[in-house]
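Here the structure is laid out as C-alpha cells; the discussion comes afterwards.
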There are 4 protein chains.
Amino acid sequence: MAGKLQRQKQEKKESLVDASYDLFLKKGFNKTSIDDIVKKANVAKGTFYLYFKDKSDVMENIVLRMSSRILVEAYRAADERGCDDLVENIIFVVDYIVEYFKRNKLVLQMIKRDFSWPLIREKIDELSPEYGEALEVLESFLTHPYFAGQDPDEVFKLLFLIIDMCGSVCYSSIIHNQPDDIDHMKPFLYGVIRKILKK
Amino acid sequence: MAGKLQRQKQEKKESLVDASYDLFLKKGFNKTSIDDIVKKANVAKGTFYLYFKDKSDVMENIVLRMSSRILVEAYRAADERGCDDLVENIIFVVDYIVEYFKRNKLVLQMIKRDFSWPLIREKIDELSPEYGEALEVLESFLTHPYFAGQDPDEVFKLLFLIIDMCGSVCYSSIIHNQPDDIDHMKPFLYGVIRKILKK
Amino acid sequence: MAGKLQRQKQEKKESLVDASYDLFLKKGFNKTSIDDIVKKANVAKGTFYLYFKDKSDVMENIVLRMSSRILVEAYRAADERGCDDLVENIIFVVDYIVEYFKRNKLVLQMIKRDFSWPLIREKIDELSPEYGEALEVLESFLTHPYFAGQDPDEVFKLLFLIIDMCGSVCYSSIIHNQPDDIDHMKPFLYGVIRKILKK
Amino acid sequence: MAGKLQRQKQEKKESLVDASYDLFLKKGFNKTSIDDIVKKANVAKGTFYLYFKDKSDVMENIVLRMSSRILVEAYRAADERGCDDLVENIIFVVDYIVEYFKRNKLVLQMIKRDFSWPLIREKIDELSPEYGEALEVLESFLTHPYFAGQDPDEVFKLLFLIIDMCGSVCYSSIIHNQPDDIDHMKPFLYGVIRKILKK
DNA sequence: TATGAATGAGTATTCATTCAT
DNA sequence: GATGAATGAATACTCATTCAT
C-alpha cells in the first residue's frame, strides 16, 4: 500500500503549508518562526527540513498557489457571464480581484510585503505544469481577437502593466487609504484601464 | 562655544544615517544589524539609541530624505528646460527618476522592499517643513493650468496613480526584467502616461 | 548669599530623593534606572553622582527617613493619649504602624523587598543625630518603669523581636494574605505580643 | 532505549539547577546571569530556555526544594528522639533549622532576600505531590493532640507566626548580628516560643 | 556646581539548523 | 521517513558611569 504512505507523507507537507499560511497571515512572515510552524502543524522540527529548504521556500509555495487560485477563479467567473467584450472582461477580472483583496486585506499585505505580484510569471515558468491553469488564463487574453494584429509581446506588456498597477493601487488604497479608499479609487482606476486599452 | 558641541552631535547622527544607508543598500534592511551600523559609524552602541528608536526609525529617515531629494532634483531639471507642456514635463520628471533608478538599482530595491513610494506624502504631512520643497513640487503640478477646472482631488489621484505605476514598473523591469528590460518598457510606459493624461 | 545657594543645592538633592521615592514605589527598585530618576527630578545625569554614590545609596536614605518618620509619628500619637500602660502603648504603636502599612502597601513592599526593618538601627548609629528622634522613642520604651530591674539589653532584644515579628507578619498578610488577611491576624498578633511581654 | 534519552535530558536540567544554586549562593540572584549559569552547567544557552522560563523560574525551584528538604530533615530528626512533648519538638525543629542556617549563611541570605519562608505553602499547594512530605510535617503538627479542641486555622496561624518570626530573627542575627548574635538570641527566642505556645 | 553626550560592557532571548536515535 | 533535544551564534536593547565643557 504505497499509496497510503504517500498520502501520509503528503499530509505532513500539506499540514506544514497550511500552518505556515495561517501564521504568515496572523503574525507576518518575519515574525513567524519555524518553531511556530511545526508546533501548529503538529510535526517534529526536523520534518520541516524534509520538505522545505527554509521559510521563504514555503512562502513562495503559498504565494504562487494563492495568486494562481485567485486569478483562475476570477477568470472563471468572467467566463460564466458569457460576455465577449474583452475590455469589460478584463475590468471584471480586475474587479473580482480587487474585491477579493478588500475582503482579505491580510493576504494583500502578505503578498505585497514580501513578493511582487508579477513575479509569479517567473515562477510559473519554472514550476509548470502545476500552475498551468493560470498560464492558460493569460494566454486566453493574449490571443483574444481584440488584440489581433498586435505584437503579442506588446500585448503582454500591456496586461502586465495593468495587473501591476492594480496591485499597487490596491495596496496603497486598501492598506493605507492613500490617496483615497479603494471604493473611491475603483471608478477612477477602471477609467484609466479603459484609456490604456483603447485602440 | 555651544555651536561646536551641537555640530559634533549632528555629526554623530549623520554618521549613523550614512552608515545605515550604506548597509541597507549593501546587505538589505533585515540583514543589517544595529551592531553593523554602529561599527561602521564608529560610535558606541548606546549612541544609536540616543538618536533613533530602532532600525526602522533610521530607515524612514533615509527613505524620506532620498525620495524627496530625487523628486526635487527631477523637478528642477525639468524646470530649467523652460518647457510649458505639462504632459511632457511630467514625462520628463518620470524619465529622470527612471534613469536615476537605472543607475541606482539598490536604492530602488531598498525603497520598494520596505516602503511604498506614495506613502511619502503621509510622512511629509507630518514632518513639514523639512521636506516642504518636495511638497511644493507636487503643488506646482496640481495647480497647473492644464488641470484648470478639474477637481484637485481627482488630479491628485491621477498623479498618485502615475507615480505608483511608474514605481511598480521600474521595480519589475529594472530589478527582475519583467516583463522586459526597462529600456523596452519606457516608450510603452510613457505612451500609457500620455493616454492617461489625455483630456 | 551663600544661603540661597545652599538651598538651591539642597533642592536638587531633595528633588532626586523625591523622584527616587516615587519611582521605587511605582516600578520597584530594580526596574528603576538612574535615567528615570534624573528625568523625573529634572536634573542632569551627572548631578546624581554629585549627591549619591549609586541607586542603593538613595534607597538607604529613603528607607531610613521613612521608617524613622513612621515610628516617631506613631509614638507621638500614643503619647497624646496619655495612657501609662506600657503594653497597651506598644500595641498602640504597632497598630499604628500596621494601619500605615495597610494604607501604603507599596511602602511595605519597598522596605521589605530590599531592607530589613531592624537594620535601621545600624544606620541610625552611623547617621545620628539626623534621626535622633527615632532613637529617643526606643530609649523611652527601654527606660520605662515597666522594665525596671531587667537587663536593658534583654529588653532591647524583646522590643526588637516584636518589631521584627510585626514587620514579617505585616508583609506576609498584607502583601500575600498568608496565612490570613491582616485584619484577621491583628487580634492574634496582639495576643502574642501580650504573651511575650507578660512578666 | 527511551530511558537513556530521558535520563540525559534530566541530567541537563539537574546540571542547570545545580549551577544556578551555586551561583545564586556565591554571587546572589541579581548578579547571576543566564550566561554564568549555562557556562557553569556546560550546556548551550538555548538549553536553559528549554527547561526554564527565566531566572526566577529556577530560583523558585531551588527555594522550594531546599525549604522542603530542611523542614523534612528537621522533623525526622525530631521524630527519632521519640519525645512526645509538642512544644519541645517544635523548639527542636526550630533549633535544627537555626543551626542549619548558622552553617549555611548564604542559603539564609538567598532565601530571605527573595522569598518569604511561609510563602512556601502557597507553592506546595500548587506543586504537590512532589513536595507532599513537607506538607505532611505541617499536618502532623496541626493535628497533634496538644491542639485538640482548637480551631485548626488558629493553630496554623500560630505555627506560621512562629516560623515567620524565627526566619526573621535568624536573618537579623545571623546575617547582621542585630540585635545580638544568634547564640545569644536563641534562649531568648525559645523562651518567647514557649510563651506563645503556652495554653 | 552642573551638564548631558558618549560610552560599551552586559543581558535576556530567539531561532535556524543539525544529528543521534 | 520522523523525531525533538541540543546547539550557540546572532541580536536588540539597557544603563551605570565618565568627562569635557
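Proteins come first, then strands; the chains are lettered A, B, ... in the order of their sequence lines, and each starts at number 1.
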Is A:Ser20 reaching over with its side chain to a backbone N or O of A:Val58, donor-acceptor style, under 3.5 angstrom?
no
Do A:Ile175 and A:Leu108 pass the side-chain contact (heavy atoms from CB on, under 4.5 Å) test, and can you show the C-alpha distance, the side-chain angles, and the key distance before you say yes or no?
CA-CA 8 Å; A:Ile175 307 294; A:Leu108 175 58; 4.0 Å; yes
Heavy-atom pair of closest approach, residues [X] and [Y]:
X       : Y       : answer
C:Ser15 : C:Ala41 : OG-O, 2.9 Å
A:Ile34 : A:Tyr49 : CD1-OH, 3.4 Å
B:Leu16 : B:Tyr51 : CD1-CD1, 4.1 Å

Sequence neighbours excluded, which residues qualify as side-chain contact (heavy atoms from CB on, under 4.5 Å) partners of [X]?
X        : result
B:Thr32  : B:Leu23, B:Phe24, B:Lys27, B:Asp36, B:Ile37
B:Leu106 : B:Leu25, B:Gln109
A:Asn104 : A:Tyr100, A:Val107

Can you name the ring-ring contact (aromatic ring centres under 6.0 Å, His included) partners of B:Phe52, sequence neighbours left out?
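Listed in chain order: B:Phe48.
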Between the protein and nucleotides 9-12 of chain F, list the N/O to N/O atom pairs that are separated by less than 3.5 angstrom.
residue, atom, partner, partner atom, Å
F:dA12, OP2, B:Ile34, N, 3.1

Going by number, which of residues 37-44 of chain B have a non-hydrogen atom under 4.0 Å from DNA chain E?
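Result for residues 37-44 of chain B: B:Val43, B:Ala44, sorted by number.
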Which pairs pass salt bridge (Lys or Arg N to Asp or Glu O under 4.0 Å) with one or both residues in residues 43-56 of chain C, sequence neighbours excluded?
C:Asp35-C:Lys45
Mind listing the residues from residues 17-26 of chain B sitting with a heavy atom below 4.0 Å of DNA chain F? Number order is fine.
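Of all residues in residues 17-26 of chain B, none places a heavy atom under 4.0 Å from DNA chain F.
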According to side chain to side chain donor-acceptor pair (under 3.5 Å), who are the partners of C:Lys105, at least two apart in sequence or on a separate chain?
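Counting only residues at least two positions away or on another chain, C:Lys105 forms no side chain to side chain donor-acceptor pair (under 3.5 Å).
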Measure [atom1]/[X] against [atom2]/[N] and give the value in whole Å, please.
X       : N      : atom1 : atom2 : value
D:Lys12 : E:dA20 : NZ    : C1'   : 13 Å
D:Leu16 : F:dA6  : CG    : C1'   : 12 Å
C:Asp57 : F:dA16 : CG    : P     : 14 Å
B:Phe48 : E:dA5  : CZ    : P     : 17 Å

Sorted by chain and residue number, the salt bridge (charged side-chain N to carboxylate O under 4.0 Å, His left out) partners of A:Lys26 (sequence neighbours excluded) come out as none
Between B:Thr47 and E:dT7, is there a side-chain N or O to OP1/OP2 distance below 4.0 Å?
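Answer yes for this pair, as a side-chain N or O of B:Thr47 is under 4.0 Å from OP1 or OP2.
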Categorize D:Tyr51 for me: base, sugar-phosphate, or nothing, with a 4.0 angstrom heavy-atom threshold over every strand shown.
sugar-phosphate
Stepwise side-chain contact (heavy atoms from CB on, under 4.5 Å) check, C:Arg65 with C:Tyr21:
CA-CA 11 Å; C:Arg65 174 198 298 197; C:Tyr21 176 75; over 6 Å; no
Can you work out whether A:Leu50 or B:Lys53 has the more 5'-proximal nearest nucleotide on DNA chain F?
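Its nearest nucleotide being more 5', the pick is A:Leu50.
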According to the Watson-Crick and G-U wobble definition with distances under 3.5 Å, which dot-bracket string, read 5' to 3', encodes DNA chain E, using [ ] for crossing pairs and | for pairs with another strand?
.||||||||||||||||||||
